[in-house]
Protein chains: 2
Amino acid sequence: MARIADLEYTLAVMGWDQETYMPEKGADFRAQQTSTLSGIAHGMSIDKELGDILKKLHKKKGLDKKQQRNIDESYKDYKQSKKYTTEFVELLSKTTSECFQAWQKAKTTNNFKLYVPHLTKMVDLKRKEADLLGYKKHPYDALLDQHEPGATVAFLDVLFKDVREQLVVFVKKIAAAKQNSDAFAHKHYDKDKQWKFGIDLLKQMNFDFEAGRQDISMHPFTTSFSSQDVRVTTKIIENNLKSMIWSCIHEGGHALYEQGLPKEQYGLPCGEAISLGIHESQSRMWENNVGRGLPYWKANYKRLQAYFPEHLKNVSLDQFYKGINLVKPSPVRIEADEVTYHFHILVRYEIEKALMDGSLKVADLAEYWNAQYKKYLGITIKSDAEGVLQDVHWSHGSIGYFPTYSLGSFYAAQFYHQANKDVKGLQQHIEKSNMLPLLKWLREKIHKHGKFYTAEELCIHVTGEKLNFKYFMNYATDKYSAIYNLKK
Amino acid sequence: MARIADLEYTLAVMGWDQETYMPEKGADFRAQQTSTLSGIAHGMSIDKELGDILKKLHKKKGLDKKQQRNIDESYKDYKQSKKYTTEFVELLSKTTSECFQAWQKAKTTNNFKLYVPHLTKMVDLKRKEADLLGYKKHPYDALLDQHEPGATVAFLDVLFKDVREQLVVFVKKIAAAKQNSDAFAHKHYDKDKQWKFGIDLLKQMNFDFEAGRQDISMHPFTTSFSSQDVRVTTKIIENNLKSMIWSCIHEGGHALYEQGLPKEQYGLPCGEAISLGIHESQSRMWENNVGRGLPYWKANYKRLQAYFPEHLKNVSLDQFYKGINLVKPSPVRIEADEVTYHFHILVRYEIEKALMDGSLKVADLAEYWNAQYKKYLGITIKSDAEGVLQDVHWSHGSIGYFPTYSLGSFYAAQFYHQANKDVKGLQQHIEKSNMLPLLKWLREKIHKHGKFYTAEELCIHVTGEKLNFKYFMNYATDKYSAIYNLKK
């Protein structure tokens, strides 16, 4: 298992270098090198000898709980991996590459039709994949389980019903209220100063710079080469202060989770993150619940003003706080605020589910997309490039991924609610730039366990109950009712 | 072969990251990951199926010359690799690790005795390795061949005899002449400006920044992930202008060789550098023959003065040129000038030869070292830390490596002599900052062939004769007689 992890983490180094420092012409051989390494890693992960050992250990009695969990998870993964035939893997790889190219061209030329045959092939293939993997109720369940083990249509339908019925109504109230401005964030903010402020924030979060670093990349991301070497990246846009700040805090949240995983469990499930949803709960808690909160800026606004006195001297903390918390429907997911964001996911969730059960055809997708954006966000999509073509995910075959973003926010709200009960004076600590009590709580409650719990078990372990949308709804209602002066 | 190369280049990425950006705590897992990958690569390179194919192709008729060369070299490498038993590899790895630690401790505490038992073990092991690999005349030949295929004691004895008889005498003449000063190089030179000037020099050399980049590391080095992605590093010392400039040009020379290797021969011998000696000829030609020459500074001195007007306005080009070409015996190899450098190698060559044939014991090494430094450099070594303990190489088991440094300079002189005959007005081109004619000549004569020629064959192919020390001797005599006003 450690040897497989060695290869997977090596692939992560290759990927990190590719996104940060690799010169242009290096791409072709890098792709080849990565593919060779992936093939070797995959071969090791479906090795018969490994399977035999896991099978034997799986039946063995007298293992402690952590050992048992490691064996069970590894054996499950092994059996899942074995379900893929070589033909299927190769076809998926070929289709992905073609589909991605078609998506790029379709997006650049705003021509959805170019994408239709390729995405149709991809969806057919993913339906085959669901059959290959097996599922109890809905073919989409098989794909969801890959990104968020345990998640099902039955589980998500409940959550997104709440989004549809409660959050849509609440955003309409906000839309009717007096609007705030974030004009201050779009002056020219010097790159170097932004960089330094971002590093300050990471340090304050207790990101361990002896076990990680930050660099620049086109799209911010976090990657890990072990819990002892976790890399984050950020992106600095000189006329948009928001981009760097919250990407830094967001990736910092991911990174703290990775740095908190137990190193003695390297290569084993209990040394790994639970799921994308739980990972995203860590990034979003720091980004939104903490990093877009008033106490956080009571701690940091003067510091930011000191970097940019000319820009911010006439912007009060209250104006700043309101300006960084605008709620406003917009057509592009990655630019959405923390509330309307979930409408973007809702649309994608409904679409993926329908594509997988065959009730929606790719050919009808653009029309459907635009109708749903009108319905939930009240927005008229002006072009497919900005509409159905905006995300790369489907072209990569990533179906079942989007819901984990919303799950992340919902878990974050529920965990943070609990943290405020468990940690005395948490908000006062944050106001004084002391992030350690929160981090200690996260380490103890979440990080150190790795995959010892499933997402559902963890949620019960930490908060005493299963994931419940009400925590997010309460968080959003309290915060934005105050910001927009709404009556509850 | 391409798959093996994919792994080797991946290891190079891991190594590069380790030396440039890896945070401190990442070291342990990185070592483990690297070891796993090395093991897999080694396993592939001694795979029986590969051996069978190579054996079959080796006998096959009708291959073209390049194919034949690729097969011959690969088969030779394969057979060499097969000679190592697993026990031997593991023992060597363990001994290296212990020996390196002992060297570090011995150097820090200036206590050679601590190192003696470990280095003795290492030397014994390297003598066993020579037996394992086989040799015709001298056990040292087996080790030399690993770093410089084809090099033997018989071949090097001739060269170093010339060094001893001609160069030692010449340096004594220089020592008796009026000395120049390089005080100007030790003012405070701003890091960022040094960096920018270094990048200018690399660009001027036609280093392809779309197929490579420069970063900072503790010790400058060049590494390659394919001919399309070649990384150099440099080191900037603020009170020593020389360090950055000539490390930049030196590594740039290595890098141009790597970038010039034919990419369609990826993973095959004809896509690889010939030997360490030939590699070093490329770095040293650019560093010394070109980069420490007067024409080069006619092209670049004004540029440098423009970066540092305060520092250099009162230093004439002539003073600068003389200051960057001081010849002066000193105890430390890596700080030596391009002439006395070879005395350092001479000492090491004599020692390695004697250790390998058993005529010198490790226990007597420090005394012997000091005596040779007195004899060839006229220097009294004040401490073992600065003497016999100065280099890390032996602790790594690198015996047979040092001579390639001198070979590099000697090849460089011979090649450069030929370039000046072949390329019309080469010195005038350089004076005008036009490095392209030289690069084109190197590409055509050396780079594009990869390992198609052996070092000896290449030398004949390029210059019409075997390696001959007289070219270096003539180069040094002409250049330094002028600088030091010596009568020839």
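We name chains A, B, ... by the order of the sequence lines, and we start the count at 1 in each one.
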Within a reach of under 6.0 Å around NZ of A:Lys94, are more than 12 heavy atoms found that belong to other residues, nucleotides or ligands? no
Would you say that more than 12 heavy atoms from the other residues, nucleotides or ligands in this model lie under 6.0 Å from the CG of A:Asp47, or not? yes
Test side chain to side chain contact (heavy atoms under 4.5 Å, CB included) applied to B:Pro23 and A:Gln228, A:Arg231, A:Glu210, the passing residue: A:Arg231
Checking heavy atoms, do the side chain of A:Asp208, its backbone, both or neither come under 4.5 Å from chain B? side chain
Atom CG of B:Asp28: over 12 foreign heavy atoms under 6.0 Å: no
Residues A:Tyr266, B:Phe29; criterion ring pair (Phe, Tyr, Trp, His ring centres under 6.0 Å); working and verdict: CA-CA 9 Å; A:Tyr266 176 92; B:Phe29 283 119; 4.3 Å; yes
Quick check for you: to the nearest 0.5 Å, what is the distance between B:Arg30 atom CZ and A:Thr10 atom OG1? 7.5 Å
Heavy-atom side-chain proximity of B:Asp17 to A:Trp16 below 4.5 angstrom: yes
Spacing of CD belonging to A:Gln32 relative to CG belonging to B:Asp6, to within rounding of 0.5 Å: 4.5 Å
I'd like to verify something: which residue of B:Ala2, B:Ser226, B:Ala5 has the highest number of heavy-atom pairs under 4.5 Å with chain A? B:Ser226
Can any side-chain N or O of A:Gln33 pair as donor or acceptor with the backbone N or O of B:Phe225 at less than 3.5 Å? yes
Tell me, yes or no, whether the heavy-atom count around B:Glu49 atom CD, taken from other residues, nucleotides or ligands under 6.0 Å, exceeds 12. no
Does atom NZ of A:Lys203 have more than 12 heavy-atom neighbours, drawn from other residues, nucleotides or ligands, at distances under 6.0 Å? no
Less than 4.5 Å to any heavy atom of chain B: does that hold for the side chain of A:Ile40, its backbone, both, or neither? side chain
